J.: 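Below is a structure I'd like to ask you about.
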Amino acid sequence: MGQITRNQATAIGFTAVIMWSFLGPFGALSGEVPPFLLNALCFTVSASLAFARLAINPSRLILLRQPLHVWVMGTMGLFGYHALYFIGIRNAPPVEANLINYLWPVLIVLFSALLPGERLRVHHVIGAGLGLAGAGLLIARGGAFDLSSDSTVGYAAALAAALAWSSYSVLSRRMGNVPTEAVAGFCLMTAILSYLCHFLFEQTVMPQGPTQWFAVVGMGLMPLGLSFFTWDIGMKRGDIQVLGASAYAAPLFSTLLLVLFGFGAFTWPVAAACALIVAGALFAAKDMILRKKYSAS
């Protein structure tokens, strides 16, 4: 990929957030496929397409030759996050587990302070906090949270998932010399490990009919496919604090899409969450917005 500006990389990274919003609708259309099998099928699609693209220019396959620690980091980011998330929602109330999982954008913003050349400002933290509040409203649907003491394993797994994805995202910045093409290998390893977990822990239920297969392929193309490549570009070259805070748009867009497709209703929590998430994104992006304003004047 040629030289791109910081703002362009941020915009490319944000397309991953948009793609992740399709997880809800596609998931609702995918039927009763168990989670690890669904993960395996989707990552098979994404890995196959990524390797097919690399094979067009076979000389680029050498980009997959990376040190062991890069493979461990990438595989644990993609597979580790999804495995821990599934464990979380299976061993704790899904609402509470989801909210704990959605600490990862806040953690990205906070962890970014450890990166060389990055400065964490108050408005970044405020923006991420507003986004978390908005995500909480969406997940709770206006109700209350109840952290039950008998769901400790689920809560711990959800928190570990948040740590896994935020760490992977921030470490991607530290490994800026690793080409984005290497994500193809991470997708392949995630597919293999997901098949293994499926055979060990789940009963096989394949997608039924064209609609469910369309949903699986759609997930493999975007939210569990191309999104990881564009997110990698955003994390390595874009504004990491803005991307972290704006990631809360994913559950918002997903909810709005579910409403649009008839899987839900537009309620006051959705409206309030929309306001909080948009306000949070604007707070976090203040520097970028002002830079554009002054450069245009």
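Predicted model, so just to flag it, every value in this text is computed and none were measured.
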J.: When rounded to the nearest 0.5 angstrom, what is the spacing between OG in Ser169 and CE in Met235?
T.: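 Rounded to the nearest 0.5 Å, the OG-CE separation comes to 5.5 Å.
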
J.: With a 4.5 Å limit on heavy-atom distance, are the side chains of Phe111 and Ile240 in contact?
T.: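 The answer is no, as the side chains (C-beta and beyond) never meet within the 4.5 Å cut-off.
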
J.: Taking Leu163's backbone N and O only, do any of them form a donor-acceptor pair with Ser166's side chain (distance below 3.5 Å, no angle check)?
T.: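 Checked: pair present.
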
J.: Would you please say whether a donor-acceptor pair under 3.5 Å links the side chains of Asp232 and Thr180?
T.: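 Distance-only check passes for Asp232 and Thr180.
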
J.: Just verifying a value: how many Å separate Ser227 OG and Leu23 CG, rounded to the nearest 0.5 Å?
T.: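 Output value for this atom pair is 7.5 Å.
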
J.: Are the side chains of Tyr248 and Val106 in contact, using a 4.5 Å heavy-atom criterion?
T.: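 Result yes, sub-4.5 Å side-chain heavy-atom pair found.
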
J.: Are the aromatic ring centres of Trp165 and Tyr168 under 6.0 angstrom apart?
T.: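 Yes; Tyr168 has its ring centre under 6.0 Å from that of Trp165.
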
J.: Side-chain atoms of residues 184-202: list all donor-acceptor pairs with protein atoms under 3.5 Å, sequence neighbours left out, distances to 0.1 Å.
T.:
| residue | atom | partner | partner atom | Å |
| --- | --- | --- | --- | --- |
| Thr190 | OG1 | Phe79 | N | 3.4 |
| Thr190 | OG1 | Phe186 | O | 2.8 |
| Ser194 | OG | Asn39 | ND2 | 3.0 |
| Ser194 | OG | Thr190 | O | 2.7 |
| Tyr195 | OH | Thr44 | OG1 | 2.9 |
| His198 | ND1 | Glu202 | OE1 | 2.8 |
| His198 | NE2 | Thr204 | OG1 | 2.8 |
| Glu202 | OE1 | Phe36 | N | 3.4 |
| Glu202 | OE1 | Leu37 | N | 3.2 |
| Glu202 | OE2 | Phe36 | N | 2.9 |
| Glu202 | OE2 | Arg90 | NH2 | 3.2 |

J.: Only one of Thr5, Asp239, Ile4, Ile233 clears side chain to side chain contact (heavy atoms under 4.5 Å, CB included) with Thr10; which?
T.: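 Only one option passes, and that is Asp239.
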
J.: Distance check, rounded to the nearest 0.5 Å: Gln66 atom CD versus Leu64 atom CG?
T.: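 Gln66 CD to Leu64 CG: 8.0 Å, rounded to 0.5 Å.
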
J.: Is any side-chain heavy atom of Ser167 closer than 4.5 Å to a side-chain heavy atom of Met73?
T.: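 With C-beta onward as the side chain, the pair stays apart.
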
J.: Does some side-chain heavy atom of Phe214 sit less than 4.5 Å from a side-chain heavy atom of Phe26?
T.: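 Side chain of Phe26 against side chain of Phe214, heavy atoms only: contact under 4.5 Å found.
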
J.: If you round to the nearest 0.5 Å, how far is CD of Gln8 from CD of Gln3?
T.: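 Reported to 0.5 Å precision, the distance equals 10.5 Å.
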
